[in-house]
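Note that the coordinates shown come from a computational prediction; the quantities given were computed from them, not determined experimentally. Throughout, numbering of the chain's residues begins at 1 and tracks the sequence.
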Amino acid sequence: MSIVKAKKTELIKEFKSSETDNGGSASAQVAVLTERIRNLTEHMKTMPKDKHSKRGLITLVNRRKKLLAYIKKGSVEAYETLIKKLGIRK
């Protein structure tokens, strides 16, 4: 259900905001959260009665929603490119 370290590193490398960014930027965090959400969504399709994972999934979605709002507040263009790149929304 969680993501492999290599996949997380790859996502951070792709979405980091600067060369010194180690995954703390909002866009990198959104990318990692999106991957975790996708994995948990697949798990929930096979195990619909797993209430603890469902709660975790809702928590991840809410955290991603807050980070996306933060990015949108700063720059709408950055928000649009990020959601297009990740394939979420719209």
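- Heavy atoms from other residues, nucleotides or ligands lying under 6.0 Å from NZ of Lys54 number 12 at most.
- Listed here is the closest heavy atom pair of Thr41 and Ile37: OG1-O, 2.6 Å.
- Of the possible polar contacts, one joining the Asp21 side chain to the Gly24 backbone as a donor-acceptor pair under 3.5 Å is found.
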How far apart are the C-alpha atoms of Glu80 and Lys72, what are their side-chain angles, what is the distance that settles it, and do they pass the side-chain contact (heavy atoms from CB on, under 4.5 Å) test? CA-CA 8 Å; Glu80 292 291 333; Lys72 189 175 183 179; 5.7 Å; no
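- One distance of note links CD1 of Ile3 with CD of Glu10; it measures 10.0 Å at 0.5 Å rounding.
- Atoms NZ and CD, on Lys85 and Glu14 in that order, are 5.0 Å from each other to the nearest 0.5 Å.
- Within the 4.5 Å cutoff, the side chain of Glu35 has heavy atoms near those of the Asn39 side chain.
- Atom-to-atom distance recorded for Tyr79:OH and Ser27:OG is 14.0 Å, nearest 0.5 angstrom.
- Here OG1 of Thr59 is found 10.0 Å from CZ of Arg36. Values are rounded to the nearest 0.5 Å.
- Every residue two or more places apart in sequence or in another chain was checked for a side chain to side chain contact (heavy atoms under 4.5 Å, CB included) with Lys84, and none qualifies.
- Ile12 is not listed as a side-chain neighbour of Asn22, based on a closest heavy-atom distance of 4.5 Å or more.
- Side-chain contact between Phe15 and Val30: absent, with no pair of heavy atoms (C-beta onward) separated by less than 4.5 Å.
- Tracing side-chain contacts under 4.5 Å through hydrophobic residues (I, L, V, M, F, W, Y), one reaches Leu67 starting from Ile88; they form part of the same cluster.
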Using the salt bridge (Lys or Arg N to Asp or Glu O under 4.0 Å) rule, take Lys45 and Glu42 through it: C-alpha gap first, then chi angles, then the decisive distance, then the call. CA-CA 5 Å; Lys45 287 178 183 175; Glu42 289 302 315; 3.3 Å; yes
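- Remark: the backbone N or O of Asp50 is not paired with any side-chain donor or acceptor of Ser53 at under 3.5 angstrom.
- By the side chain to side chain contact (heavy atoms under 4.5 Å, CB included) test, Thr20 pairs with Ser18, sequence neighbours left out.
- The line from CD of Gln29 to NZ of Lys66 is 13.0 Å long, rounded to the nearest 0.5 Å.
- Inter-residue side-chain proximity for Thr34 and Leu11 is flagged as unmet; no heavy-atom pair is nearer than 4.5 Å.
- The closest side-chain heavy-atom distance from Thr81 to Glu77 is not below 4.5 Å.
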